[in-house]
Every structure is written in C-alpha cells, then in structure tokens.
Peer 1: 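Take a look at this one; I'll ask things after.
Values in this document were obtained by computation on a predicted structure and should not be read as measured data. In what follows, residues are counted from 1 in the order of the sequence shown. Just so it is clear, the values below take in all heavy atoms, side chains as well, and ignore hydrogens, waters and symmetry mates.
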Amino acid sequence: MNRRKKIVTKFQKKDKRANAKLHKSNKPAYISKAEREKLALEQSQLNHVDETEAK
C-alpha cells in the first residue's frame, strides 16, 4: 500500500505542476515602490513637457 501510495502521489504532483503551468494568473506583476516612484517621476516630466509645448 505504501509503495503504491508514493507512486500515485508522485504522479499527482507532476500532473498538478503541469496543470498549473497551463493556467496563468491574471494578477499583475509586482512593481517595487522605488520603480513606481521612478515611473511616476517620468510620467510627470512628460506631462510637464507636453503642457509647455501646447502653449
């Protein structure tokens, strides 16, 4: 019984991992706080340049 159970659980783990690769998460990728600040700074600079060109 124990040997059979070990074999079955081994294959179940393998199937579970293969199935997990097929179903990707819809969760967005993590962006660090420093990276978010850098992106916000770049965005604000672009907005400032656009405002000055529009005038």
Side-chain angles (χ1 to χ4, degrees):
M1 179 67 185
N2 283 338
R3 185 184 316 144
R4 184 172 187 270
K5 184 179 178 184
K6 286 180 184 178
I7 293 169
V8 168
T9 55
K10 182 179 177 182
F11 284 116
Q12 285 175 343
K13 279 185 181 181
K14 187 176 179 181
D15 289 341
K16 188 175 180 181
R17 277 181 287 180
N19 199 22
K21 285 185 178 182
L22 293 175
H23 302 287
K24 296 291 181 186
S25 176
N26 291 332
K27 188 173 140 181
Y30 176 74
I31 302 173
S32 68
K33 189 175 182 181
E35 191 68 27
R36 286 193 303 263
E37 289 177 4
K38 189 168 118 179
L39 291 172
L41 181 64
E42 289 175 1
Q43 187 66 32
S44 66
Q45 288 176 347
L46 287 174
N47 288 342
H48 181 68
V49 169
D50 290 342
E51 289 174 1
T52 55
E53 288 178 358
K55 290 182 180 180

Peer 1: Going by side-chain hydrogen bond (donor to acceptor under 3.5 Å, both in side chains), name the pairs with one or both residues in residues 12-31, residues two or more places apart or in two chains.
Peer 2: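 Residue pairs with at least one partner in residues 12-31: N19-H23.
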
Peer 1: Rounded to the nearest 0.5 Å, how far apart are CD1 of I7 and CG of N2?
Peer 2: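 So the CD1 of I7 and the CG of N2 are separated by 11.0 Å.
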
Peer 1: Check whether any side-chain heavy atom of N47 sits under 4.5 Å from a side-chain heavy atom of Q43, and report yes or no.
Peer 2: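 Yes, close enough: below the 4.5 Å cut-off.
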
Peer 1: Please check if atom CZ in R4 has more than 12 non-hydrogen atoms from other residues, nucleotides or ligands closer than 6.0 Å.
Peer 2: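 Not buried by this count: 12 neighbours or fewer within 6.0 Å.
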
